[in-house]
Structure formats: C-alpha cells, structure tokens
Visitor: 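Here it is: the structure, laid out below.
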Amino acid sequence: MDVTATIVLGAQWGDEGKGRVTDFFAESADFVVRYQGGNNAGHTITIGERVFALSVVPSGVMYEECVPVIASGCVLDPAVLLEEIEMLTREGFSPERLRISSNAHLIMPYHRVLDGVMELYLGRNRIGTTKRGIGPAYTDKYQRVGIRVQDLFDPRIFREKVEAALEDKNKIISRVYNRLPMDPEEVTSRYLEMADRLLPYVTDTSLLLWNAIAEGRSVLFEGAQGTLLDIDHGTYPFVTSSNPTAGGALIGAGLGPTAIDAVVGVAKAYISRVGSGPFPTELFDEVGDWMVEKGREFGTVTGRRRRCGWLDLVALRYAARINGLTHLFITKLDILSGLDTLRVAVGYDGAGDSYREFPRQQRVLYKCAPVYEELEGWSEDITEARRFEDLPAAARRYIRFIEETVGVPVGWVSVGPERSQLVVR
Ligand code: IMP
C-alpha cells in the first residue's frame with residue numbers, strides 16, 4: 001500500500017500490536033509521527049533476537065531514512081525521551097533525525113506525583129493509569145496552565161511558569177494528598193539542564209509535515225493507546241486523556257482532514273485491556289489464561305497482566321465508524337491456533353434490550369452479555385504462513401467473518417512477532 005499519508009491506530013483498548021504494524025509501514029515511510037499521548041504508550045519491536053521497547057520515540061527511528069516526529073498533541077517527559085535517545089544510540093540507531101514540536105506540553109514531576117496519589121486515593125474507583133503523569137499534564141494543558149517544550153528555551157519564563165504551577169500544585173500535593181511539596185528551583189534547574197540536549201530536535205512539526213505531504217513524501221501517523229481509550233469516544237472515565245482516534249491525528253499533528261489518504265485500524269485476533277473499566281467479552285477461564293500466556297499479554301510500560309477475551313466485533317464496528325477505517329490489520333492470529341472453537345461477539349444483550357451497535361450508555365456495557373457467533377478453530381501452526389492461501393480454511397473463514405461483519409477489508413494478518421511473520425492480502 002502507498003502510505004502517502006496514513007494513520008495507523010489501535011481499534012481496541014490499546015496493545016493491539018501497533019508497534020510491529022507501524023514498524024512494518026515505517027519501512028516505506030519518510031516520516032513517522034506520534035500525535036497524542038506520552039510515555040504511557042509502549043511499542044515492542046522485535047528485530048531478529050533483539051527486542052526493543054519504545055515509549056516516546058516513534059518506531060520509525062529504526063529506519064535510517066525515516067524522520068520520527070513527536071507532534072503538538074503529545075505530552076513529553078524530557079528525561080524519559082533523553083534516556084530513550086541514549087539507549088537507541090547505544091544500540092546503533094541514529095536518533096538525531098527526531099523532530100519534536102515546540103507546542104508539545106511537558107510532563108512535569110508534579111504531574112507524575114499527582115497521577116500516583118490521585119489513583120491511590122481513588123482506591124476501588126481507580127482508573128488504573130500508567131502513573132506517568134499523562135492525565136495531570138493534559139489537565140494543565142486544558143486549564144491553560146501547562147508548560148510547553150518551547151518554554152524550556154526561555155529560562156525566565158520557564159522559571160515563572162514552574163513557580164506559578166507549584167504555588168497551586170504544592171498546596172494540593174501537601175494539603176490534600178499529604179505528600180512533601182516540591183521545590184520550584186530544583187524542578188526548574190533539573191528541566192533547564194535538559195534544554196540544550198533537546199534543542200536540536202525542536203521545530204515547527206506542523207509545517208514540516210505540511211511540506212512533506214505537499215512534496216508527496218510518505219507520512220505515517222502512529223496512534224498510541226486505542227479507540228476505546230479515547231477521551232471522547234472511549235469507555236469514559238476508564239480512558240486516557242487524549243484522542244487516539246483518527247480525528248486526534250489531525251488535531252495533534254496540526255493538519256486538515258484532506259491531508260489523509262488511509263486509516264488503518266489495528267486489531268488483535270482476540271481483545272485485551274489493562275486497567276479498569278467495562279469489558280463485555282472478558283474471559284475468566286482457561287481460554288483467557290491461554291491468551292495471556294501464549295500471547296504474552298503483559299504491559300510493555302507497567303508489566304501488568306492484561307485482561308483478555310474473545311474478539312468483540314461490536315466494538316470493532318464502532319472503531320471502524322469513529323475512525324473512518326479504510327483497512328484492518330489483524331495481529332496475533334497465531335495465538336488462537338489450537339483452540340477448537342472460537343467465539344466472536346456480534347451483539348450484546350442486556351438491560352432489557354439487544355444491541356448491534358456499541359451502546360451509548362456505559363452502564364449497558366457493564367451489564368450486557370455478548371451475543372456470540374461460534375466459528376471453527378484450527379490446530380495447524382500458522383507461523384510460517386505468508387499468503388492468505390497458506391492459512392488453514394478455518395483461519396481464512398475467521399478473517400473473512402471479521403471483514404464481512406465490520407465492513408472493512410483486512411489487508412494484513414500477523415502470525416508471529418517477527419517482522420517477516422506476516423500474511424499480506
Ligand atoms: P493513562 O493513559 O496513564 O492516564 O491511563 C489511562 C488508561 O489508559 C488506563 O486504563 C491505562 O491502562 C490505559 N493505557 C494507557 N496507555 C496505554 C497503552 O499504551 N496500552 C494500553 N492501555 C493503555
């Protein structure tokens with residue numbers, strides 16, 4: 001597929017395997033752009049024996065010709081970014097092509113502290129955040145008291161902004177949450193020390209991308225988290241604080257909708273979720289354990305065990321609509337090999353009604369029972385399949401059933417973690 005301006009995003013609750021998908025597209029992309037979120041994301045990329053976990057730098061960094069971009073809609077923890085840059089340099093990659101928007105907001109130490117203590121105080125009602133300070137950083141952005149990357153290069157303004165922020169945050173940290181207040185001077189000097197190292201990467205990324213698209217270069221927009229974690233369209237409040245959906249790519253990158261050619265939704269052949277929130281097809285039995293163990297469903301960022309369940313096509317149809325998906329990329333089909341029967345949710349029953357579309361009311365999602373279609377499984381090892389015809393008939397039927405129900409063609413199916421373990425339609 002020509003990737004002139006393509007958005008690749010998660011069509012479920014995140015952890016769909018987007019890392020390997022963007023890595024695949026990045027091979028032919030000139031730019032790979034992160035448009036929202038921060039180091040709450042985790043991308044695992046396997047190259048031969050080597051496994052890399054990236055949380056900030058876009059996966060395009062693995063390719064020599066590709067420019068990785070952190071756009072305006074992101075929140076950036078500069079210390080984590082610098083650590084990743086060091087790791088990549090040590091491993092033989094060249095991160096100097098990285099570009100960072102001067103408009104991106106900074107994750108500050110008080111954001112991390114607040115994320116942690118707020119979760120603690122929520123107790124049973126906690127969201128299960130990654131505790132990276134994402135929510136509090138976006139809160140400040142919308143409250144218009146955030147500190148942006150560009151502020152790092154004006155020490156006087158930076159100091160003033162940190163002092164003003166801590167004036168308020170310190171009261172909350174100490175009086176509400178009973179923690180030690182932070183020293184504005186210490187925070188300021190710690191951040192300003194990093195400014196020089198960040199400066200070479202900082203630019204107007206909207207202009208950079210606009211020019212790139214005008215020149216016909218290929219630009220890949222890489223969503224973090226997933227559709228159902230979108231602050232507006234996900235399972236609120238158990239969501240992240242930004243818009244991973246396709247609209248978020250435009251806002252976050254600073255481009256208009258006419259710039260985009262294709263939107264690829266990445267979905268696992270089953271489904272998983274980390275953190276709290278409703279999950280109609282969640283499994284608590286040995287099949288769920290099978291998915292966790294065989295699929296190695298543990299968080300890249302926090303190491304948490306992911307909740308797993310049958311593929312939910314009600315949710316996937318919803319993702320197709322919200323994002324205007326043009327293609328689906330199904331990952332981890334190999335994990336289902338060996339199960340006699342596969343189930344996929346095609347509707348929900350509950351609260352006295354039945355649903356074909358994703359329910360508007362969150363309480364329905366908690367109470368409903370999925371309506372399953374049963375499909376025959378396959379026992380063959382499919383990890384060597386490279387063409388659609390190589391897959392067993394039952395696996396082909398599974399994929400066809402997904403595209404017919406969702407109404408979006410499946411362009412790729414991954415059958416293992418390696419770059420080469422891919423079926424291209
Ligand atoms: P936050 O993004 O750290 O505020 O966490 C909010 C919710 O999004 C929690 O349920 C997290 O588990 C979830 N979340 C955040 N980032 C990811 C991700 O990359 N994959 C899957 N879930 C995520």
Side-chain angles (χ1 to χ4, degrees), residues 7-19 21 35-37 40-43 126-130 134-135 138 222-249 252 263-283 288 291 295 297 299-302 304 306-325 328-332 344-348 350 355-370 402 405-408:
I7 303 173
V8 172
L9 50 79
Q12 298 165 325
W13 275 295
D15 307 315
E16 297 90 351
K18 290 182 296 295
V21 175
Y35 54 85
Q36 45 72 231
N40 47 347
H43 287 170
R126 70 181 174 272
I127 294 166
T129 74
T130 58
I134 309 296
Y138 277 111
E222 146 179 56
Q225 293 83 47
T227 300
L228 299 174
L229 289 171
D230 185 279
I231 182 97
D232 289 297
H233 304 290
T235 46
Y236 189 89
F238 303 104
V239 292
T240 192
S241 298
S242 61
N243 294 107
T245 47
V263 187
V264 178
V266 185
K268 246 184 318 220
Y270 48 101
I271 194 166
S272 72
R273 149 161 233 180
V274 267
S276 324
F279 183 173
T281 62
E282 183 166 12
L283 288 170
M291 291 167 176
E297 296 293 349
T300 318
V301 174
T302 58
R304 287 180 291 179
R306 297 177 184 143
R307 302 154 66 193
C308 285
W310 294 119
L311 182 62
D312 185 338
L313 293 182
V314 184
L316 199 52
R317 261 154 48 86
Y318 177 67
R321 165 157 57 94
I322 294 291
N323 295 300
L325 297 185
L328 278 169
F329 192 128
I330 302 295
T331 59
K332 292 189 152 182
V344 283
V346 291
Y348 303 139
Y355 298 82
R356 301 294 289 182
E357 300 297 337
F358 203 66
R360 198 168 43 82
Q361 288 284 61
Q362 181 103 324
R363 73 182 147 73
V364 175
L365 265 190
Y366 276 108
K367 299 222 170 101
C368 67
I402 297 174
T405 313
V406 178
V408 176

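Computation of the quantities below employed the complete heavy-atom set of this structure, encompassing side-chain atoms and omitting hydrogens, waters and symmetry-equivalent molecules. In this chain, residues are counted from 1 in sequence order.
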Visitor: To the nearest 0.5 Å, what is the distance between CG on L229 and OG on S241?
Guide: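 Reported to 0.5 Å precision, the distance equals 10.5 Å.
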
Visitor: If we only count heavy atoms from C-beta on, is the I127 to S276 side-chain gap below 4.5 Å?
Guide: no

Visitor: Please step through side chain to side chain contact (heavy atoms under 4.5 Å, CB included) for the pair L228 and Y318, ending with a clear verdict.
Guide: CA-CA 9 Å; L228 299 174; Y318 177 67; 3.9 Å; yes

Visitor: For residues T245 and D230, is any side-chain donor paired with an opposing acceptor at under 3.5 Å?
Guide: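 A donor-acceptor contact under 3.5 Å links the two side chains.
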
Visitor: Are Y355 and Y348, when compared by the centres of their aromatic rings, separated by less than 6.0 Å?
Guide: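 No.
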
Visitor: Looking at every heavy atom in both A269 and L311, which two are closest together, and how far apart are they?
Guide: O-CB, 3.5 Å

Visitor: Taking atom CG of N323 and atom NE2 of H233, what is their separation to the nearest 0.5 Å?
Guide: 9.0 Å

Visitor: I'd like to know whether CZ of R363 has more than 12 heavy-atom contacts from other residues, nucleotides or ligands below 6.0 angstrom.
Guide: no

Visitor: Who passes side-chain hydrogen bond (donor to acceptor under 3.5 Å, both in side chains) against T129, sequence neighbours left out?
Guide: D115

Visitor: Quick check: do V314 and V346 have side-chain heavy atoms less than 4.5 Å from each other?
Guide: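 Answer no - side chains too far apart.
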
Visitor: Looking at side-chain heavy atoms only, is the closest gap between T302 and V274 below 4.5 Å?
Guide: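 The answer is no; the side chains never approach within 4.5 Å.
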
Visitor: Considering only heavy atoms from C-beta outward, does the side chain of I7 approach that of V264 to under 4.5 Å?
Guide: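 No. Closest side-chain heavy atoms not under 4.5 Å.
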
Visitor: Please name the pair of heavy atoms, one in C308 and one in F279, separated by the smallest distance, quoted to 0.1 Å.
Guide: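 Taking C308 first and F279 second, the nearest heavy atoms are C-CZ, 3.7 Å.
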
Visitor: Got a second to check how far N40's CG is from T240's OG1, nearest 0.5 Å?
Guide: 4.5 Å

Visitor: Indicate the ring-plane relationship of Y366 and F238, choosing parallel, tilted or perpendicular according to the 30° and 60° boundaries.
Guide: perpendicular

Visitor: Before giving the answer on side chain to side chain contact (heavy atoms under 4.5 Å, CB included), spell out for L9 and T227 the whole-Å C-alpha distance, their side-chain angles and the decisive distance to 0.1 Å.
Guide: CA-CA 8 Å; L9 50 79; T227 300; 4.0 Å; yes

Visitor: CZ/R360 to CG/L365 distance, rounded to the nearest 0.5 angstrom?
Guide: 12.0 Å

Visitor: Any salt bridge (charged side-chain N to carboxylate O under 4.0 Å, His left out) involving residues 273-283? Give me the pairs, sequence neighbours left out, ordered by first then second residue.
Guide: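 Listed by first then second residue: E282-R307.
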
Visitor: Got a sec, which residues hit side-chain hydrogen bond (donor to acceptor under 3.5 Å, both in side chains) with E357, two or more places apart in sequence or on another chain?
Guide: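 In terms of side-chain hydrogen bond (donor to acceptor under 3.5 Å, both in side chains), with neighbours along the sequence ignored, E357 is linked to R317.
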
Visitor: Should D232 and N243 be marked as a side chain to side chain contact (heavy atoms under 4.5 Å, CB included) after you check the CA-CA gap, both sets of side-chain angles, and the distance that decides it?
Guide: CA-CA 7 Å; D232 289 297; N243 294 107; 3.0 Å; yes

Visitor: Please identify each residue that fulfils salt bridge (Lys or Arg N to Asp or Glu O under 4.0 Å) with R306, with sequence neighbours left out.
Guide: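 Scan of R306 (salt bridge (Lys or Arg N to Asp or Glu O under 4.0 Å), adjacent residues dropped) gives D15, E297.
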
Visitor: If the condition is side-chain hydrogen bond (donor to acceptor under 3.5 Å, both in side chains), which residues does W13 pass it with, not counting sequence neighbours?
Guide: T235

Visitor: Would you indicate whether the side-chain heavy atoms of W310 and V344 approach each other to under 4.5 Å?
Guide: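 No - every pair of side-chain heavy atoms lies 4.5 Å or more apart.
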
Visitor: Find the distance between NZ (K18) and OG1 (T331) and round it off to the nearest 0.5 Å.
Guide: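 Answer rounded to 0.5 Å: 9.5 Å.
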
Visitor: Rounded to the nearest 0.5 Å, how far apart are OH of Y270 and CG of L283?
Guide: 11.5 Å

Visitor: Tell me, please, which residues at least two apart from A267 pass side-chain contact (heavy atoms from CB on, under 4.5 Å).
Guide: A11, Q12, L316, I330

Visitor: Within the side chain of K332, is there an N or O that forms a donor-acceptor pair under 3.5 Å with the backbone of G295?
Guide: yes

